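The structure appears below as structure tokens.
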Amino acid sequence: MESVLKAHRGGESVLDLSPRWTVGGGVEDVYGEDRATEDQLVTPWTVSVASGYSLLRDPHHNKGLAFNEKERDAHYLRGLLPPAIICQELQEKKLLHSLRQYDLPLHKYMAMMELEERNERLFYKLLIDNVEELLPVVYTPTVGEACQKYGSIFRRPQGLYISLKEKGKVLEVLRNWPQRTIQVIVVTDGERILGLGDLGCQGMGIPVGKLALYTALGGVRPSGCLPITIDVGTNNEQLLNDEFYIGLKQKRATGKEYYDFLHEFMTAVKQNYGEKVLIQFEDFANHNAFELLARYATTHLVFNDDIQGTTSVVLAGLVASLKLLGGTLADYRFLFFGVGEAGTGIAELIAIEMSKQSKIPVEETRKMIWLVDSKGLIVNSRKESLQHLKKPWAHEHVPVHNLLDAVKAIKPTALIGTSGVGKTFTKEVVEAIASFNQKPLIMALSNPTSQSECTAEEAYTWTEGRAIFASGSPFNPVEFNGKRFVPGQANNAYIFPGLGFGLVISGAIRVHDDMLLAASEALAGQVTDEHCHMGMIYPPLSNIRKISAHIAANVAAKAYELGLATQLPRPADLVKYAESCMYTPSYRSYR
Ligand code: NAD
């Protein structure tokens with residue numbers, strides 16, 4: 001028995017399109033407003049289901065007890081559900097209540113994943129309406145534990161696994177994915193999952209979680225998102241010896257074999273989905289992350305959140321802090337502790353923004369930024385022995401061997417920690433920076449909380465409440481001398497969903513540094529005087545959909561300005577346009 005479901009919004013009558021049969025013989029879902037992110041047209045959809053029983057097991061259309069009497073009659077649901085009708089809001093309330101009963105974050109994570117597999121719209125409604133509470137459940141830190149235990153919590157495959165076994169057949173594998181119109185791919189090879197190292201094939205939790213945020217925070221429709229894990233083996237001995245490990249049991253392929261395979265993947269993606277699909281590289285090891293970005297930035301729409309997302313969110317915090325400090329970025333001196341992916345990426349974007357603001361060449365603005373690695377200050381005399389990525393930051397100075405002496409020598413306005421090593425902004429270091437700044441800017445970006453360079457409380461206490469503080473991991477507000485300080489969290493989730501959405505709605509074909517700057521400026525623009533008063537240099541995450549719309553609009557505007565947008569003509573009001581394209585998780589009414 002077949003029924004045809006027709007969705008209509010706001011009581012509008014809808015066209016009755018015939019089902020679209022896909023190559024594989026299934027029915028392709030053609031979403032209405034969800035599709036707006038792709039072609040600007042609000043298109044009603046039709047989809048055939050075999051029976052009410054199948055409808056209840058289809059997470060894209062299932063509404064559980066929210067099916068009304070008419071729908072239960074029309075779609076063969078009578079008897080398959082208990083008699084009560086429970087609206088989406090009530091379902092959400094019940095779910096939130098039961099989620100809060102779990103003590104362990106991992107159990108909450110599993111319950112959320114199970115919900116996503118059962119009822120996609122309810123999953124997104126819950127996440128969107130409770131973003132501050134549930135972000136740490138579906139993403140960091142819980143997702144890290146989920147990846148570590150992926151073998152044992154794995155129930156149903158999510159996303160696409162492309163392993164070396166599929167060498168030469170990657171295009172065929174992509175064609176096995178049921179959706180044809182993909183807008184954002186998040187891909188990992190699992191080599192450096194968060195701070196947890198090589199988790200091989202179990203890294204899949206990361207692309208899945210990240211794409212959930214693209215939808216919930218950014219508004220990209222779920223069916224436009226494709227999580228991919230590339231399995232080239234793992235060097236994690238524990239996994240290799242684990243009888244339940246789900247990935248390839250071999251050492252990682254490297255060098256030519258690795259890059260040839262990645263190239264086959266990149267070529268197949270472009271061939272299958274065209275030039276406008278965003279490929280976000282996630283949690284690749286350092287050397288591959290930089291290399292892949294460099295190789296494909298001019299031929300594909302690629303983005304690396306660990307490098308570019310981080311830089312953009314930190315820059316936004318710095319730009320917002322100017323409201324508290326006054327002046328421009330070029331008036332400041334920056335000192336970084338830890339010179340890896342995040343540190344060098346942030347330093348470079350600051351130098352570019354300074355250069356833009358002050359019209360000073362970037363070679364000169366770099367000189368206002370100093371970096372400290374495990375051997376001390378990066379200075380010219382060390383240049384010969386420095387890694388390639390550190391060389392641009394070697395300035396003229398006598399050698400300085402530790403952070404405290406570097407702070408005293410450089411007298412920075414801002415101290416930024418990206419070393420991954422906790423407790424390194426000691427009382428002496430913080431007091432030193434506070435001794436020559438009325439409002440020292442301290443960013444302790446290392447994660448997780450235990451690795452934070454200092455805590456919010458330490459920063460406020462040791463500076464007698466003068467610090468402007470932000471961190472990578474969240475800290476609770478701090479009371480000091482009767483004043484309440486709200487520490488900022490430089491969470492990448494502020495930037496990448498809006499940035500990606502801006503690329504999608506403008507049909508951008510390349511990511512340009514200016515788009516990252518545009519994203520930073522838009523985020524900084526959402527910090528109000530009221531926020532500043534509490535020491536906040538990031539707006540509250542609870543406003544994230546509005547923030548993302550502004551970021552998307554600014555990024556799209558830049559894409560049009562640079563001639564990189566293909567979605568023509570350019571909408572006049574890009575903020576309104578972005579808002580109108582955003583996926584909303586409310587249930588549809590079925591005729
Ligand atoms: P990375 O491994 O690329 O870089 C860390 C660098 O610090 C390495 O070069 C390492 O050699 C150096 N280092 C290690 N110990 C040191 C020491 N004792 N003294 C000086 N330098 C030392 O890692 P990454 O991706 O750059 O991330 C660094 C940290 O930043 C991580 O803790 C990560 O969680 C955090 N991070 C935060 C955000 C955010 O807040 N939005 C984003 C990205 C990364």
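When a ligand or atom number is given, it counts from 1 through the structure's own listing order. In this chain, residues are counted from 1 in sequence order. On a predicted model such as this, the values are computed, not experimentally measured, just so you know.
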- Query: Taking the side chain from Thr188 and the backbone from Glu282, do they hold a donor-acceptor pair closer than 3.5 Å?
  - Reply: yes
- Query: Are Glu364 and Lys367 ion-paired here, with the side-chain N under 4.0 Å from a carboxylate O?
  - Reply: yes
- Query: For ligand 1, which atoms sit closer than 4.0 Å to a heavy atom of Asn492?
  - Reply: 39 (C), 41 (N), 42 (C)
- Task: Flag atom 20 (C) of ligand 1 as yes if some protein heavy-atom distance to it falls below 4.0 Å, otherwise no.
- Result: yes
- Message: Is there a side-chain contact between Phe469 and Thr455 in this structure, where contact means two heavy atoms from C-beta onward sitting under 4.5 Å apart?
- Response: no
- Item | Expected output: side-chain Gln280 to main-chain Asn304 donor-acceptor under 3.5 Å | no
- Return yes or no for this condition: an N or O of Gly472 is under 3.5 Å from an N or O of ligand 1. no
- Task: Check ligand 1 against Gly420 and write out every atom of the ligand that is under 4.0 Å from a heavy-atom position of the residue.
- Result: 29 (C), 32 (O)
- Query: Which heavy atom of the protein is the closest neighbour of atom 13 (N) of ligand 1, given with residue, atom name and distance?
  - Reply: Ser419 O, 3.8 Å
- Message: Between ligand 1 and Asp306, is the shortest N or O to N or O distance under 3.5 Å?
- Response: no
- Which residue owns the protein heavy atom closest to atom 29 (C) of ligand 1, what's the atom, and how far is it? Ser446 OG, 3.7 Å
- Note on the structure: heavy-atom search around atom 5 (C) of ligand 1 in the protein gives Thr418 O, 3.6 Å
- Under 4.0 Å, heavy atoms only, figure out whether ligand 1 is touched by the backbone of Val421, its side chain, both or neither. side chain
- ring-ring contact (aromatic ring centres under 6.0 Å, His included) partners of residues 365-395, not counting sequence neighbours, each pair once: Trp370-His395, Trp370-His397
- Task: On the 0 to 90° scale, with breaks at 30° and 60°, tag the His263-Tyr296 ring pair as parallel, tilted or perpendicular.
- Result: parallel
- Identity and distance of the protein heavy atom lying nearest atom 2 (O) of ligand 1: Asn286 ND2, 4.2 Å
- Query: To the nearest 0.1 Å, how far is atom 32 (O) of ligand 1 from its closest protein heavy atom, and which atom is that?
  - Reply: Asn447 N, 3.0 Å
- So which heavy atom in the protein is nearest atom 9 (O) of ligand 1, and how far is it from that ligand atom? Val339 O, 3.1 Å
- Could you pull out the closest heavy-atom pair between Leu211 and Cys225, with the gap in Å? CD2-CB, 3.7 Å
- Message: Does any N or O of ligand 1 fall below 3.5 Å from an N or O anywhere on Asp373, backbone included?
- Response: no
- Is Lys210 reaching over with its side chain to a backbone N or O of Asp305, donor-acceptor style, under 3.5 angstrom? no
- Numbering as shown, the atoms of ligand 1 that approach Gly338 to under 4.0 Å (heavy-atom distance): 7 (O), 21 (N)
- Query: Taking the non-hydrogen atoms of Gln489, is any one of them nearer than 4.0 angstrom to ligand 1?
  - Reply: no
- Query: Is it true that a side-chain atom of Asn554 and a backbone atom of Glu521 form a donor plus acceptor pair closer than 3.5 Å?
  - Reply: no
- Message: Is it true that Asp189 and Tyr258 share a donor-acceptor pair across their side chains at a distance under 3.5 Å?
- Response: yes
- Just by modelled atom types, is the Leu516 backbone N or O under 3.5 Å from a matching donor or acceptor in the Ser312 side chain? yes
- Subset of ligand 1 atoms that lie under 4.0 Å from at least one heavy atom of Ala490: 39 (C), 40 (O), 41 (N)
- Task: Measure the distance from atom 23 (O) of ligand 1 to every protein heavy atom, then report the residue, atom name and distance (to 0.1 Å) of the closest one.
- Result: Arg192 NH1, 3.8 Å
- Query: Which option out of Ile495, Leu445, Ile416, Thr310 puts a heavy atom nearest to atom 37 (C) of ligand 1?
  - Reply: Leu445
- Query: Where is the nearest protein heavy atom to atom 24 (P) of ligand 1: which residue, which atom, and how far?
  - Reply: Ala342 N, 3.8 Å
- Any protein heavy atom under 4.0 Å from atom 15 (N) of ligand 1? yes
- Can any side-chain N or O of Asp198 pair as donor or acceptor with the backbone N or O of Asn235 at less than 3.5 Å? yes
